[in-house]
Amino acid sequence: MEDNKKRGGDAPIACEVAEGKKYSWCTCGHSENQPFCDGSHKAAESTPSLRFEATETTTVYLCTCKLTKNPPYCDGSHK
């Protein structure tokens with residue numbers, strides 16, 4: 001599978017997550033539903049989503065630039 005990542009945005013997106021719920025974070029940037037995966041990586045032959053489970057109900061800031069070293073969370077790499 002070709003690693004054809006692209007930026008999904010230039011800033012993190014604040015998301016409400018619920019404790020125990022699983023989410024699929026877009027790793028490739030092709031999703032139209034940033035920062036979450038919509039399956040676009042399949043047609044683009046790109047990297048699959050990263051599944052994660054929220055450890056608490058809170059607001060998190062999810063990366064859209066795909067440069068973070070702490071996926072799926074923004075670490076400021078977009079700057």
Side-chain angles (χ1 to χ4, degrees):
M1 181 177 297
E2 185 180 342
D3 182 15
N4 59 349
K5 291 183 183 181
K6 69 176 196 169
R7 289 176 77 99
D10 294 320
I13 296 177
C15 299
E16 295 294 321
V17 294
E19 181 178 358
K21 186 172 179 184
K22 294 180 181 170
Y23 299 88
S24 292
W25 176 68
C26 171
T27 65
C28 71
H30 292 277
S31 175
E32 294 294 323
N33 189 33
Q34 290 295 326
F36 299 107
C37 178
D38 68 2
S40 295
H41 63 275
K42 294 172 188 167
E45 296 183 1
S46 191
T47 54
S49 64
L50 177 124
R51 296 276 294 161
F52 71 99
E53 184 173 333
T55 57
E56 62 181 321
T57 299
T58 191
T59 301
V60 295
Y61 293 85
L62 299 180
C63 174
T64 61
C65 75
K66 313 309 173 192
L67 300 174
T68 184
K69 303 290 187 273
N70 186 29
Y73 308 103
C74 176
D75 67 2
S77 293
H78 59 275
K79 295 179 182 179

The residue among C65, P72, C15, C63 that forms side-chain contact (heavy atoms from CB on, under 4.5 Å) with P35 is C15

Rounded to the nearest 0.5 Å, how far apart are CD of E32 and SG of C37?
12.0 Å

What is the minimum heavy-atom distance between H41 and T47, and which atoms define it?
CB-O, 3.2 Å

Straight-line distance of S49 OG to R51 CZ, nearest 0.5 Å
7.0 Å

Is a donor from one side chain sitting under 3.5 angstrom from an acceptor on the other, for D38 and S40?
yes

Compare all side-chain heavy atoms of Q34 with those of C26 and state whether any distance is below 4.5 angstrom.
yes

Apply side-chain hydrogen bond (donor to acceptor under 3.5 Å, both in side chains) to residues S77 and D75 and explain how you reach the verdict.
CA-CA 6 Å; S77 293; D75 67 2; 2.5 Å; yes

When rounded to the nearest 0.5 angstrom, what distance separates NZ in K66 from NE2 in H30?
10.5 Å

Taking the side chain as everything from C-beta on, heavy atoms only, tell me whether I13 gets closer than 4.5 Å to Y61.
no

Report yes if the side chains of V17 and T58 come closer than 4.5 Å at any heavy-atom pair, otherwise no.
yes

Pairwise side-chain contact, C74 with T68, heavy-atom cut-off 4.5 Å (strictly under)
no

Heavy-atom neighbours of E53 CD exceed 12 at 6.0 Å
yes

Salt bridge (charged side-chain N to carboxylate O under 4.0 Å, His left out) partners of residues 9-22, not counting sequence neighbours, each pair once
R7-D10

For Y23, check ring pair (Phe, Tyr, Trp, His ring centres under 6.0 Å) against everything at least two apart and list the hits.
F36, F52

